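Taking it in order: structure first as structure tokens, then the write-up.
Every value quoted in this text rests on a predicted model; they were computed, and no experiment measured them.
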Amino acid sequence: MKLLVITAIAEYAKDIKSILKQANVKSYSFQEVIGFKNPDEDVTSSNWFGTEMNENESVIFFAFIPKENEIKVFELVDMFNKNQETLSQIHVAVLKIEKSN
């Protein structure tokens with residue numbers, strides 16, 4: 001059993017739900033969150049306000065999944081990201097669960 005964590009901009013929520021369905025992930029949790037990106041120092045120095053942090057409406061998904069679902073999720077996310085014309089992508093990570101109840 002592994003813990004799948006997916007983050008992306010809120011606009012991709014429907015796409016992520018579709019990816020999870022295609023990967024046969026039957027249950028998951030998700031939450032709308034505010035994502036922050038601290039701009040590079042060079043960008044900040046040329047910025048009128050000097051310390052602006054960029055905020056994005058984002059989502060985070062969690063699911064406990066077996067190994068075979070993990071492989072399919074990564075394949076589908078890779079395909080999705082390769083077909084995007086924008087810089088924003090879906091980010092996915094898997095954490096090993098050593099013990100659960």
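Applying the side-chain contact (heavy atoms from CB on, under 4.5 Å) rule to Ala10 yields the partners Glu57, Val59; only residues at least two apart in sequence or on another chain are considered. Under the side-chain contact (heavy atoms from CB on, under 4.5 Å) criterion, Leu95 pairs with Leu3, Val5, sequence neighbours left out. Here Tyr28 pairs with Phe61 under the ring pair (Phe, Tyr, Trp, His ring centres under 6.0 Å) rule; sequence neighbours left out. Contacts of Phe64 classified as ring pair (Phe, Tyr, Trp, His ring centres under 6.0 Å), with partners at least two apart in sequence or in another chain: none. Applying the side chain to side chain donor-acceptor pair (under 3.5 Å) rule to Ser88 yields no partners; only residues at least two apart in sequence or on another chain are considered. Residues passing the side chain to side chain donor-acceptor pair (under 3.5 Å) test with Gln84, sequence neighbours excluded: Tyr12.
Ile6 has its side chain out of reach of Ile19: every pair of non-hydrogen atoms, C-beta onward, lies at least 4.5 Å apart. Side chains of Thr86 and Ile9 form no contact here, defined as non-hydrogen atoms less than 4.5 Å apart.
Evaluation of the salt bridge (Lys or Arg N to Asp or Glu O under 4.0 Å) test over residues 81-101, restricted to residues two or more places apart or in two chains, returns none. The stretch residues 5-32 participates, sequence neighbours left out, in no salt bridge (Lys or Arg N to Asp or Glu O under 4.0 Å) pair at all.
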Atom pairs and distances, donor-acceptor, side-chain atoms in residues 67-81, under 3.5 Å, two or more places apart:
from	atom 1	to	atom 2	distance (Å)
Asn69	ND2	Ala23	O	2.6
Asn69	ND2	Asn24	O	3.0
Glu70	OE1	Lys2	NZ	3.3
Asn81	OD1	Ile90	N	2.9
Asn81	ND2	Ile90	O	2.9

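What you find for Ala63 and Ser27 is that their closest heavy atoms are CB-O, 3.7 Å.
The CD1 atom of Ile65 sits 8.5 Å away from atom CG of Leu20, with the distance rounded to the nearest 0.5 Å.
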